[in-house]
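Side chains included, hydrogens not; waters and symmetry mates left out as well; all remaining heavy atoms used.
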Amino acid sequence: MSSRGNASYFPQAERVAIFGGTHGNEMSGVTLVNMWIKNRAEIERSGVAVRAFITNPRAVEKCSRYIDTDLNRAFTPENLSTPSGDGLPYEVQRAKEVNQIFGPKGSPDAYDVIFDLHNTTSNMGSTLILESSTDYFNLQMVHYIKKAIAPESCMVLLNEHPHLKYASTRSVAKHPVGLEVGPQPQGVLRSNIFESMRAIMKHALDFIELFNSGVEFPACSVEVFRVHERVDYPRDTNGNITAMVHPHLQDCDWEPLNPGDPMFQTFDGRTIPYEGASPVYPTFINEAAYYEKQQAFITTRRETLAANAIRKISK
């Protein structure tokens with residue numbers, strides 16, 4: 001990227017990947033990507049090569065989140081640089097293979113954009129996940145998508161927290177984008193969730209085609225929810241959960257949680273309130289996959305980001 005005045009210039013996005021099956025039991029992405037592998041017509045755009053790819057085929061075959069370890073946390077420098085061998089966890093070996101095909105991560109040869117398709121059991125609706133508040137290409141893209149799908153909503157989750165950001169599958173790309181759509185149970189395919197994901201991907205690819213054709217996108221603002229804190233369930237001294245998400249909080253992703261509001265309910269009916277100093281916006285509330293990660297939900301803070309105008313660098 002280069003900047004001149006109030007505009008930022010990016011190279012043409014020539015290579016784009018769409019990942020499904022990073023978690024093998026999240027069926028919308030698995031189904032869409034398998035469909036697009038068989039018939040590319042829907043994802044073809046002029047001026048860009050789009051590749052649909054199943055990232056964790058063994059987990060997809062078993063309809064499980066992963067085989068040995070979470071692939072969406074496996075793209076660390078240590079894992080990517082470790083020598084290959086039969087003793088590696090399956091997802092670590094797979095991360096190395098994905099990095100070789102679509103990276104190397106952090107290099108000029110990496111794919112321009114990777115979309116990683118996920119489902120959540122939480123009541124999050126459609127959510128685009130970004131990893132940088134200064135990636136104006138991605139900010140302009142989500143702004144375009146949000147306008148295109150209106151009046152349907154699409155939230156934007158920004159995770160650049162130094163301690164909560166993780167080494168995601170999509171992080172291989174220059175412009176990584178996650179897409180979470182829910183609620184949908186693990187191992188289940190719901191038509192409304194499938195179609196929401198499909199529509200967002202259509203508009204995302206349309207944006208890239210327009211950008212590559214030379215369209216300039218003017219400066220804009222984007223509302224995001226910045227990751228603030230991970231909240232675990234209350235536990236006893238043996239690590240056992242002692243309370244559930246309170247019914248007043250359950251299914252209320254993106255709604256404000258104010259000081260004193262009910263947060264958890266113990267098994268004997270006692271309410272545990274939120275004791276923070278200011279309102280936050282919880283999401284991934286009671287996500288099934290995050291029990292193993294000791295996470296009941298994450299809190300976010302709402303803010304508005306300004307994005308420079310962007311245009312393609314002329315060759």
Side-chain angles (χ1 to χ4, degrees), residues 17-37 42-43 52-67 69-75 91 94 98 114-131 142 145-146 149 152-159 166 168-171 176-205 225 227 230 245 250-254 282-293 295-298 300:
I18 306 172
F19 287 174
T22 293
H23 298 134
N25 56 5
E26 297 178 4
M27 299 305 295
S28 299
V30 170
T31 306
L32 280 169
V33 165
N34 275 328
M35 182 180 77
W36 291 330
I37 289 172
E42 188 174 316
I43 59 172
F53 186 79
I54 293 291
T55 43
N56 197 337
R58 283 179 56 187
V60 169
E61 184 178 354
K62 290 188 65 176
C63 196
S64 62
R65 182 172 174 85
Y66 54 77
I67 301 300
T69 190
D70 192 336
L71 181 61
N72 209 33
R73 306 294 188 275
F75 287 75
E91 279 79 10
R94 189 64 180 162
V98 170
I114 292 176
F115 299 98
D116 195 16
L117 308 185
H118 290 266
N119 291 121
T120 174
T121 62
S122 301
N123 190 35
M124 292 172 61
S126 298
T127 304
L128 289 158
I129 303 177
L130 304 183
E131 300 184 6
V142 301
I145 293 167
K146 285 167 70 72
I149 68 168
E152 299 297 321
S153 64
C154 183
M155 301 302 189
V156 181
L157 181 66
L158 173 64
N159 188 4
Y166 48 88
S168 64
T169 311
R170 59 189 173 269
S171 67
V177 183
L179 176 56
E180 288 273 358
V181 189
Q184 179 169 281
Q186 296 170 349
V188 171
L189 188 62
R190 290 183 52 174
S191 59
N192 61 321
I193 303 298
F194 175 91
E195 292 298 345
S196 293
M197 182 175 284
R198 187 181 197 172
I200 288 172
M201 285 308 309
K202 173 200 178 301
H203 295 304
L205 295 174
F225 291 82
V227 171
R230 180 188 293 124
V245 170
Q250 181 64 51
D251 297 328
C252 293
D253 296 74
W254 310 118
T283 194
F284 281 112
I285 297 172
N286 207 13
E287 162 61 49
Y290 289 168
Y291 275 75
E292 69 173 35
K293 300 184 188 302
Q295 178 179 306
F297 55 88
I298 59 171
T300 70

Enclosure of Lys62 NZ (heavy-atom neighbours >12, cutoff 6.0 Å): no
Whether over 12 other heavy atoms sit under 6.0 Å from Glu42 CD: yes
Measure the spacing between [atom1] of [X] and [atom2] of [Y] and express it to the nearest 0.5 Å.
| X | Y | atom1 | atom2 | result |
| --- | --- | --- | --- | --- |
| Tyr66 | Arg73 | OH | CZ | 10.0 Å |
| Asp116 | Ile18 | CG | CD1 | 11.0 Å |
| Asn56 | Ile67 | CG | CD1 | 6.0 Å |
| Phe297 | Met124 | CZ | CE | 13.5 Å |

Measuring only between side-chain heavy atoms, which start at C-beta, is [X] closer than 4.5 Å to [Y]?
| X | Y | value |
| --- | --- | --- |
| Asn34 | Ile54 | yes |
| Thr31 | Phe194 | yes |
| Asp253 | Met155 | no |
| Ile114 | Phe19 | yes |
| Ile285 | Asp251 | no |
| Leu117 | Met201 | yes |

Is a donor on one side and an acceptor on the other found under 3.5 Å between the side chain of [X] and the backbone of [Y]?
| X | Y | answer |
| --- | --- | --- |
| Glu26 | Asn119 | yes |
| Gln295 | Arg230 | no |
| Trp254 | Thr283 | no |
| Thr55 | Thr22 | yes |

If you take all heavy atoms of [X] and [Y], which pair is closest and at what distance?
| X | Y | value |
| --- | --- | --- |
| Cys63 | Asn25 | O-CB, 3.5 Å |
| Gly178 | Arg170 | N-CD, 3.3 Å |
| Gly21 | Val30 | CA-CG2, 3.6 Å |
| Ile193 | Ser28 | CG2-OG, 3.7 Å |
| Thr121 | Ala288 | OG1-N, 2.9 Å |
| Val98 | Phe53 | CG2-CE2, 4.0 Å |

For Glu195, salt bridge (Lys or Arg N to Asp or Glu O under 4.0 Å) partners two or more places apart: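 Once residues adjacent in sequence are excluded, the partners of Glu195 under the salt bridge (Lys or Arg N to Asp or Glu O under 4.0 Å) criterion are Arg198.
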side-chain hydrogen bond (donor to acceptor under 3.5 Å, both in side chains) against Asn123, all qualifying residues, sequence neighbours excluded: none
No-hydrogen, no-angle side-chain donor-acceptor test under 3.5 Å, [X] and [Y]:
| X | Y | result |
| --- | --- | --- |
| Arg190 | Gln184 | no |
| Ser168 | Glu131 | yes |
| His23 | Asp70 | yes |

Given Glu287, Glu180, Gln186, the one that forms side chain to side chain donor-acceptor pair (under 3.5 Å) with Thr120: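 Exactly one candidate clears the test, Glu287.
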Side chain to side chain donor-acceptor pair (under 3.5 Å) between Asn72 and Thr169, worked out: CA-CA 5 Å; Asn72 209 33; Thr169 311; 3.1 Å; yes
By ring pair (Phe, Tyr, Trp, His ring centres under 6.0 Å) - contacts of Trp36 (at least two apart):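 Scan of Trp36 (ring pair (Phe, Tyr, Trp, His ring centres under 6.0 Å), adjacent residues dropped) gives none.
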Candidate pair Cys154 and Thr127, rule side chain to side chain contact (heavy atoms under 4.5 Å, CB included), full reasoning: CA-CA 5 Å; Cys154 183; Thr127 304; 5.9 Å; no
Steps toward side chain to side chain contact (heavy atoms under 4.5 Å, CB included) verdict (Leu128, Ile200): CA-CA 9 Å; Leu128 289 158; Ile200 288 172; 4.2 Å; yes
